[in-house]
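To keep things clear, I will list the structure first and then write my remarks on it.
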Amino acid sequence: MNYFSRLIVLLVLLAPLPPFCFSNQLQDSFRQCLTTHSTTQLPNIFYTPNNPSFTLLLNSTALNLRCIAPDAAKPEAIFTPLNEAHIQNAVICAKNIGIQLRLRSGGHDYEGISYTSVMDPPYVVIDLSKLRGVDVDVEDGSVWVQAGATIGELYYRVAEKSKTHGVPAGLCTSLGVGGHITGGAYGPMMRKYGLGADNALDVKMIDANGQILDRAAMGEDVFWAIRGGGGGSFGVIVSWKLNLVQVPETVTVFNVGRTLEQGATKILYKWQQVADKLDEDLFIRVVMQPSKIPKTNRKTVTTTYNALFLGKQARLQEIMKQSFPELGLKKEDCIEMSWLESVLFIAGYPRTVPTTILLAGKPTFLNSFKAKSDFVKTPIPEKGLEEIWERFLEDDGPLMIWNPYGGMMSRIPESSVPFPHRNGTLFMIQYLTSWMNPDKDVMNKHVDWIRKLYNYMAQHVSIFPRQAYVNYRDLDLGMNDKSGDDTSFIAASSWGTKYFKDNFNRLVKIKTQFDPDNFFKHEQSIPVLPLKTKFTHSEL
Ligand SMILES: Cc1cc2nc3c(=O)[nH]c(=O)nc-3n(C[C@H](O)[C@H](O)[C@H](O)COP(=O)(O)OP(=O)(O)OC[C@H]3O[C@@H](n4cnc5c(N)ncnc54)[C@H](O)[C@@H]3O)c2cc1C
Ligand SMILES: *[C@@H]1O[C@H](CO)[C@@H](O)[C@H](O)[C@H]1NC(C)=O
Ligand SMILES: *[C@@H]1O[C@H](CO)[C@@H](O)[C@H](O)[C@H]1NC(C)=O
């Protein structure tokens, strides 16, 4: 027996109770505490691993299969509250028992931290999927939406009430309102109206004491922090009040694909110079995927220009002729439709799919993936693009999406909300690699590939700090320390300044004041200051 196996045997013998006994005790105390506080039948809202539906429920919105692999940490229990009081009780019980909470709305977290954990277990998931009400008030120009609703449901309910109103938020329709808005929430109307977080008017959130607070009750500092500071740091968001924005009755969309053989590199070089300066009604992102050259076995890259124009086809043609003729957009490429139909088009649904699909309220396709983000401030030269293609084609499941900035995004000051990627940003890059095979070797190959690409890209993107989007969570950027808050704080500034630039300091101060015991915590939650220094209001 070698040293390590002896040590393991020794540790097992020394352990007072095997871990599962500890688990059961925690589950029981949590269940008991909830029962004393609640009148609802717990079996329908409290699931332990013994419940036959547990895994199904855990899997239901876990978007990244990598994070529910057999060896990924699983919760002690999943609690699916039906009302605000249930959440308040869960917070109070978790605090009393000393168990961590994970909060899940739509389950799209890139590292799965809404349902798994690489920190110390045990933890309970509060899954908000049963809280999905949408209350549209066209006259007031606003909507109250609960955290568990998807943005697809939100868009559908708004369009149902008015053909000329919309909400500026994400492109993927299964995103949960709860996690999405609090991390920023960009989408095809960002160049005209800014982020979802820029359009948040009010909120209901439950704090670490189980109290329910709205904007007035929490104060402007905390309300600032939760509009872009990322989920799971300040409290449980129950619902958001969002601003409705004007959309025309008819919008225009197009998808235009260009391969390397069709001059994709030169066109993309031009796109980098115009995409952030185009008319604010126009949003053209570029989706890049490998493809095969017809009749050969050679791989190439297809760059697809995926666009929303808030207006009719004729005006779009004028703008394109003026600003971006290199793409060669034709009349036949353009499709006029309602804003709600454009939501489906941009999300990639075929035209035959009815808009009611948005009410399905959950993701339709799952795989394992790893992703990263970057912000670009000067165009990448053609030679750089060619080097990117070479690296891109080395992977068997790569995807890149380049997303234009400018317009309203440049006019909102960097400190307006914690999301700091504003004026000076030409576009954001998302890199992604996905796979289906659950083997660890396959995963490692993909993860290595994306890390190498990211290292190579350093020369082309923002530096000091190298910026990243918190809603594209990437644990490679750093993590809070498992053991204690003090070291966490120092480690956190590495990922914190990437996500938030100077706003990170203010986030830490607000967190320290609002949740001094660091009850709401996860791998990349905003840390508290080591010495619980008191700040006066004016310092914040
Ligand atoms: C396929 C796909 C497409 C995407 N497209 C876009 C896009 O177009 N635009 C964009 O901006 N982003 C996009 N994202 C990123 C997305 O905004 C984030 O993943 C977002 O955090 C998802 O929110 P969620 O509620 O679905 O996720 P969850 O996994 O449920 O939560 C994400 C984070 O928020 C916390 N959280 C969840 N609910 C609450 C709550 N009620 N109160 C407080 N904290 C909470 C969790 O702890 C976790 O840290 C995309 C992601 C995916 C996977
Ligand atoms: C849940 O997902 C995991 C990982 O993909 C899978 O192994 C398991 O069979 C799924 N369980 C159920 C009940 O769907
Ligand atoms: C954005 O930055 C540019 C260059 O630094 C500057 O000229 C411009 O005035 C800025 N725009 C806004 C709206 O602040």
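Read the numbers this way: they start at 1 and go in the same order the structure lists the ligands and their atoms. For the single chain, residues carry numbers from 1 onward in sequence order.
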Checklist entry - Please state which protein non-hydrogen atom is closest to atom 13 (C) of ligand 3 and give its distance, to 0.1 Å? => result Ser410 O, 3.6 Å
Checklist entry - Any nitrogen or oxygen of Leu63, main chain or side chain, under 3.5 Å from a nitrogen or oxygen of ligand 1? => result no
Checklist entry - Closest non-hydrogen protein atom to atom 4 (C) of ligand 2, residue and atom name please, with distance? => result Ile68 O, 3.6 Å
Next on the checklist: Between Asp198 and Arg227, does any NZ, NE, NH1 or NH2 come within less than 4.0 Å of an OD or OE carboxylate oxygen?
Outcome noted: no
Item to check | ligand 1 contact by Gly183, heavy-atom criterion under 4.0 angstrom | outcome: no
Item to check | Minimum-distance pair of heavy atoms, taken over all atoms of His180 and Ala185 | outcome: NE2-CB, 3.2 Å
Checklist entry - Mind checking whether Leu128 has a heavy atom under 4.0 Å from ligand 1? => result yes
Item to check | Protein residue, atom and distance nearest to atom 49 (O) of ligand 1, heavy-atom basis | outcome: Arg473 NH2, 3.1 Å
Checklist entry - So, the side chain of Ser416 versus the backbone of Ile412: is there a donor-acceptor pair under 3.5 Å, distance only? => result no
Next on the checklist: With heavy-atom distances below 4.0 Å as the criterion, list the atoms of ligand 1 near Gly170.
Outcome noted: 7 (C), 8 (O), 9 (N)
Checklist entry - Are Asp202 and Arg215 close enough for a salt bridge, meaning some N to O gap below 4.0 Å? => result no
Checklist entry - So, does Phe520 sit close enough to ligand 1 that a heavy atom of it is under 4.0 Å from the ligand? => result no
Checklist entry - How are the rings of Phe504 and Phe500 set to each other: parallel, tilted or perpendicular (split at 30° and 60°)? => result parallel
Checklist entry - In terms of residue, atom name and distance, what is the protein heavy atom nearest to atom 8 (O) of ligand 1? => result Leu171 N, 2.8 Å
Item to check | Nitrogen or oxygen atoms of Ala147 and ligand 1 under 3.5 Å apart | outcome: no
Item to check | The one among Thr61, Leu103, Leu366, Ile206 that brings a heavy atom closest to atom 37 (C) of ligand 1 | outcome: Leu103
Checklist outcome for this item: Filtering Ile126, Leu175, Asn471 for the heavy atom nearest atom 13 (C) of ligand 1 leaves Leu175
Next on the checklist: For Asp374, run the side chain to side chain donor-acceptor pair (under 3.5 Å) check against His460, Gln430, Arg466 and tell me which one passes.
Outcome noted: Arg466
Next on the checklist: Could you check whether atom CG of Asp502 has more than 12 heavy atoms from other residues, nucleotides or ligands sitting under 6.0 Å from it?
Outcome noted: no
Next on the checklist: As a check for students: among Gly179, Ala169, Gly107, identify the option with a heavy atom nearest to atom 28 (P) of ligand 1.
Outcome noted: Gly107
Item to check | Mode of Asn64 contact toward ligand 1 - side chain, backbone, both, neither (heavy atoms, under 4.0 Å) | outcome: neither
Item to check | Nearest non-hydrogen protein atom, atom 32 (C) of ligand 1 | outcome: Asp109 OD2, 3.7 Å
Next on the checklist: Please verify the inter-ring angle class for Phe79 with Phe30; under 30° counts as parallel, over 60° as perpendicular, anything in between as tilted.
Outcome noted: perpendicular
Checklist entry - Should Thr55 be counted as touching ligand 2, given the test is an N or O pair under 3.5 Å? => result no
Checklist entry - Does the protein put a heavy atom less than 4.0 Å from atom 2 (O) of ligand 3? => result yes
Checklist outcome for this item: Only residue of Thr182, Leu201, Asn199 satisfying side chain to side chain contact (heavy atoms under 4.5 Å, CB included) with Trp240 is Thr182
Checklist entry - Which protein non-hydrogen atom lies closest to atom 24 (P) of ligand 1, naming both residue and atom, and how far is it? => result Gly106 N, 3.5 Å
Checklist entry - Does ligand 1 have an atom that lies less than 4.0 angstrom from a heavy atom of Ala185? => result yes
Checklist outcome for this item: Per side chain to side chain contact (heavy atoms under 4.5 Å, CB included), Tyr115 is matched among Leu57, Ile78, Asn64 by Asn64
Checklist entry - What protein heavy atom sits nearest atom 22 (C) of ligand 1, and how far away is it? => result His108 CB, 3.7 Å
Checklist outcome for this item: The option among Trp240, Tyr186, Phe365 carrying the non-hydrogen atom nearest to atom 9 (N) of ligand 1 is Tyr186
Next on the checklist: For Tyr469 and Tyr186, I'd like to know if the aromatic rings sit close, meaning centre-to-centre distance below 6.0 Å.
Outcome noted: yes
Checklist entry - Does ligand 1 have any atom that is closer than 4.0 Å to a heavy atom of Gly235? => result yes
Item to check | Nearest non-hydrogen protein atom, atom 44 (N) of ligand 1 | outcome: Gly232 N, 3.1 Å
Item to check | Residue-ligand contact Arg102/ligand 1, heavy atom below 4.0 Å | outcome: no
Checklist entry - Between Tyr454 and Tyr431, how do the two ring planes meet: parallel, tilted or perpendicular, split at 30° and 60°? => result perpendicular
Checklist entry - Should the ring pair Trp402 and Phe427 be called parallel, tilted or perpendicular, given that the plane angle runs from 0 to 90° and is split at 30 and 60? => result parallel
Checklist entry - Which protein heavy atom lies closest to atom 8 (C) of ligand 3, and at what distance to 0.1 Å? => result Asn423 ND2, 3.8 Å
Checklist entry - Does Lys204 count as lying over the ring of Trp144, i.e. NZ or CZ under 6.0 Å from the six-ring centre, within 45 degrees of the axis? => result yes
Item to check | ligand 1-proximal atoms of Tyr115, by part, heavy-atom distance under 4.0 Å | outcome: neither
Item to check | Note: Arg191-Asp281 ion pair, threshold 4.0 Å (strictly below) | outcome: no
Next on the checklist: With the threshold set at under 4.0 angstrom, would you say Tyr469 reaches ligand 1 through any of its heavy atoms?
Outcome noted: yes
Next on the checklist: Any protein heavy atom at under 4.0 Å, with atom 11 (N) of ligand 2 as the reference point?
Outcome noted: yes
Checklist outcome for this item: When distances are taken from atom 9 (O) of ligand 2, the protein heavy atom at minimum range is Asn59 ND2, 4.8 Å
Item to check | Protein residue, atom and distance nearest to atom 38 (N) of ligand 1, heavy-atom basis | outcome: Ser105 OG, 2.7 Å
Checklist outcome for this item: Closest non-hydrogen contact found for Cys172 with Leu175 is O-CG, 3.2 Å
Checklist entry - Would you say Ser174 and ligand 1 have an N/O pair spaced under 3.5 Å apart? => result no
Next on the checklist: Can you report which non-hydrogen protein atom sits closest to atom 2 (C) of ligand 1, along with the distance?
Outcome noted: Cys172 SG, 3.8 Å
Checklist entry - Centroid-to-centroid, Phe369 to Tyr110, below 6.0 Å? => result yes
Checklist entry - Does any N/O atom on His180 come nearer than 3.5 Å to any N/O atom on ligand 1? => result yes
Checklist entry - How close does the nearest protein non-hydrogen atom get to atom 5 (O) of ligand 2, and which residue and atom is it? => result Leu65 CD2, 3.9 Å
